[in-house]
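Lettering of chains follows the sequences in order, A, B, ..., and the numbering in each one begins at 1.
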Amino acid sequence: MDFGPYLFLATLEGAVGAAVLALTAVGLSLVFGVMRVVNVAHGEFFMLGAVLAWWVATTVGGHPALGFGVALLVAPVLVAGIAAAVDMTVLKRIEYDPERTIVATIGLLYILQQVTLMTYGPDARPVEPPFNARLALPWVEWAEGGLRMYWPWGLSTTSYKLAVIGAAVVVLLGVWALMARTRIGLLMRATQLDREMALAFGIPVERIYALVFGLGAGLAALGAVLVVPIQQAHYLMGADPLLLSFIVVIIGGLGSLPGTVLAAVLIGLSDGIISVFFSPTLAKILATLLVALVLVFRPRGLFGAQAV
Amino acid sequence: MLRLEGVSAGYGSAQVLRAISLEVQPGEILSLFGRNGAGKTTTMKAIMGLLPLMAGAVQVGGQVISGLPAHRVPGTGVGYIPQGRRLFTELTVAQNIEIGLMAGGQGAAMRARVLDLFPRLAERLDQRAQTLSGGEQQMLATARALCVNPKVLLLDEPTEGLQPSMIAAIRQVVVQMRAQGVAVLLVEQRVDAVLSIADRVAFLENGVIRETLAAEALRADHGLLERYLGV
């Protein structure tokens, strides 16, 4: 295959990764932005979403679309519920203290991982995609008389991968609408800006925190449900999304949702392209290097607010 | 209307207020005087439930509010204008007002009343709070507190850093609130500004109320001020 079509294919693969990463990282950014909690267990909520998706799809049975559809609704809600319960029983008790919440979420990471290992086992298990038509992609070349369209051998994707990108865009627009256009979004933003004044003006901050922690974990779980027909569910699958989400959130600017989405697209695409042309390890090395550069030259991230 | 009985409060294990008691009647302005660190802002925060009480109780209209979660205090009719305004700076004027309305369970009628009081805010509803001038920000902080439809109004240094015309506007609103029967607790460094509107003055020193006097007595005898504040 020529370079052009090959690059196009790598970009498409990167776009799928970017879509899932954007969902996961927005969840992490939301939690940090509103609650100032660094959730080290975020990747495990991602993993839990994938494992629960497998469990739900297997339990429901029948046509793959039915199992997947139910999993898409149930797994993120279950994970969000678990996260909200963790918030109320653990994080609230330690008063959202920045250092103690890091230690608490590290503990939570191991608990979720080991409980999954004990119940689900060490195997990687797939979920069948609801649809998976192979789509040949066209490319153009110069020929006598001008541009000519052709279908290079091997240049194809699946309808499911395109649907993942579309679904992520729809969900991200939904999150934006929730934050910018609804009353609950207004309360979340007010809490993010000044917790004490939020309390002084009747905002039930602890309930907002539980909601945000649940929402953040639910978004990670939703990303996992979308990716599990491509990647398989495994009890150790949370590490990569956690690392990449932190990279994205730091580059985008802590707590900045638009910055997080843009950084997710940047990192997701570069991860996909570099992985195809070179190696996935090099992609991670370069992303981590970029974080180091951002931290040195622009510590608030590309889109983060200036520290006062 | 507002009553503090033996209130002790502080930050962590550091006690700032030591069993203070005071009362503000409906339609009265009580001003709290004291040097920096005397406990004025701590008193405000303790009333708002933003600091846990170590001892004592706070009552509003006979209802004990000191055991309530902080977010339920404004619902009992307590409006708060904090030191430094503490607006939700990235939200618009309209959104800041909306939050005040939600806190007091108020609606469009209260919104219209407040915007009538501050027509300049009505012209800037879609502007972010951080882009307003200092005076406009103070107007917004005041409007946000009035949206609660307060029975008790707490003002912490409301004229800090404002130009004289703006100070006069804020003063007028406070006097208007008193006329409507609101109990006003005012913390203010500007002695002249306070004495012209306050009914009583309480002197706070090292977390203890040393004396409460009628403002009239202080206006008549400046020697008293010198004795308590060294001014």
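- Taking non-hydrogen atoms and a 4.5 Å limit, the residue list of residues 126-158 of chain B in contact with chain A, ordered by number, reads B/Arg144, B/Ala145, B/Val148.
- When the shell of 6.0 Å around OH of B/Tyr11 is examined, it contains more than 12 heavy atoms from other residues, nucleotides or ligands.
- Taking B/Gly79, B/Gly75, B/Ala103 one by one and counting their heavy-atom pairs under 4.5 Å with chain A, the maximum is reached by B/Ala103.
- The candidate with the highest count of non-hydrogen atom pairs below 4.5 Å against chain A, out of B/Gly100, B/Gly105, B/Ala70, is B/Ala70.
- Rounding to the nearest 0.5 Å places CD1 of B/Ile99 at 8.0 Å from OG1 of A/Thr191.
- There is no contact between B/Arg72 and chain A, counting heavy-atom distances below 4.5 Å.
- Using non-hydrogen atoms only and a strict 4.5 Å limit, the part of residues 194-215 of chain A facing chain B consists of A/Asp194, A/Glu196, A/Met197, A/Ala198, A/Leu199, A/Ala200, A/Phe201, A/Gly202, A/Ile203, A/Pro204, A/Arg207.
- For CG of A/Asp97, the number of neighbouring non-hydrogen atoms (other residues, nucleotides, ligands) closer than 6.0 Å is greater than 12.
- Contact count versus chain A (heavy atoms, under 4.5 Å) is highest, among B/Lys45, B/Glu98, B/Arg86, for B/Arg86.
- Other residues, nucleotides and ligands place no more than 12 heavy atoms under 6.0 Å from the CZ atom of B/Arg120.
- Counting non-hydrogen atoms of other residues, nucleotides and ligands closer than 6.0 Å to CZ of A/Arg100 gives a total above 12.
- Here the side chains of A/Arg189 and B/Gln95 are in contact, with some heavy-atom distance below 4.5 Å.
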